[in-house]
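No hydrogens, no waters, no symmetry mates; every other heavy atom, side chains included, goes into these values. Atoms within a ligand are numbered from 1 in the order they appear, just like the ligands themselves.
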Amino acid sequence: MAHSITLCNKCGRCIEACEQKAISLDDQGIRNNRDICINCGKCLEVCTSDALKVHGKYMSVTEVFEQIEKDRSYFKNSGGGVTASGGEPLRQSFFTAALFKRCREAGIHTCLETCGYADDSELSRFYHIPHWYYSILNTLILIFTLN
Ligand code: SF4
Ligand code: SF4
């Protein structure tokens, strides 16, 4: 959930609507405690200033795969496929692995782009994937700074 400081008039309606007590108000505006927010959307319903917005949505493996399948002919002609990228796909390693399995069963290439910051149990779900991009951004920034 995103909050616009500019649009928010600090009316407090969202705080009252949140049964999880996930929203608080301070000098900077409202704060959403993502550790306890359950994404129910009740705060959005009462905000008349359009100051709250939800970005992204929950999708099943099947729903994502249905979107991928629409590009199957493009993948076939270009030799391309699906890359799971960031954020960090290893934060949802179980989901990503299930999606890749579905793609491979359908003959669609898969590639993992990751910073590699994950437990071995999560990384091991992808050891059989032939294509990896390792994005080591902090190292790149460090080299840039030294030059
Ligand atoms: S309901 Fe909307 S305008 Fe009111 S405090 Fe919450 S975010 Fe701000
Ligand atoms: S989405 Fe639901 S749980 Fe999360 S802050 Fe809004 S009202 Fe509270």
Under 4.0 Å from any heavy atom of [X], which atoms of ligand 2 are there?
{"X": "I23", "answer": "5 (S)"}
{"X": "N39", "answer": "1 (S), 4 (Fe)"}
{"X": "C37", "answer": "1 (S), 3 (S), 4 (Fe), 5 (S)"}
{"X": "Q20", "answer": "3 (S)"}
{"X": "N32", "answer": "5 (S)"}

- Task: Return yes if a side-chain donor-acceptor contact under 3.5 Å exists between S93 and R125, otherwise no.
- Result: yes
- Item | Name of the residue among I5, I15, L25 meeting side chain to side chain contact (heavy atoms under 4.5 Å, CB included) with K10 | L25
Taking [atom] as the reference point, the nearest protein heavy atom with its distance:
{"atom": "atom 2 (Fe) of ligand 1", "answer": "C47 SG, 2.4 Å"}
{"atom": "atom 3 (S) of ligand 1", "answer": "N9 OD1, 3.2 Å"}
{"atom": "atom 4 (Fe) of ligand 1", "answer": "C11 SG, 2.4 Å"}
{"atom": "atom 8 (Fe) of ligand 1", "answer": "C8 SG, 2.3 Å"}

- Query: Out of curiosity, is V46 lining ligand 1, as in a heavy atom under 4.0 Å away?
  - Reply: no
For the pair [X] (side chain) and [Y] (backbone), establish whether a donor and an acceptor sit closer than 3.5 Å, ignoring hydrogens and angles.
{"X": "T83", "Y": "S85", "result": "no"}
{"X": "Q20", "Y": "A22", "result": "no"}
{"X": "S78", "Y": "G80", "result": "yes"}
{"X": "D119", "Y": "S121", "result": "no"}

- Atoms of ligand 1 close to G12 [distance to a heavy atom under 4.0 angstrom, numbered from 1]: 4 (Fe), 5 (S)
- Check ligand 1 against S49 and write out every atom of the ligand that is under 4.0 Å from a heavy-atom position of the residue. 3 (S)
- Shared hydrophobic cluster, I30 / V54 (ILVMFWY, side-chain heavy atoms < 4.5 Å): yes
- Treat each ILVMFWY residue as a node, draw an edge where side-chain heavy atoms are under 4.5 Å apart, and state whether V61 and F94 are in one component. no
- Query: When you look for heavy atoms under 4.0 Å from ligand 1, do you find them on the side chain of L52, its backbone, both, or neither?
  - Reply: side chain
- Message: At under 4.0 Å between heavy atoms, is it the side chain or the backbone of C14 that contacts ligand 1, or both, or neither?
- Response: both
- Roughly how far apart are F95 CZ and S60 OG, rounded to 0.5 Å? 7.0 Å
- Nearest-0.5 Å distance, CE of residue M59 to CG of residue L99: 10.0 Å
- Task: Report yes or no: does C43 have an N/O/S atom closer than 2.8 Å to atom 4 (Fe) of ligand 2?
- Result: no
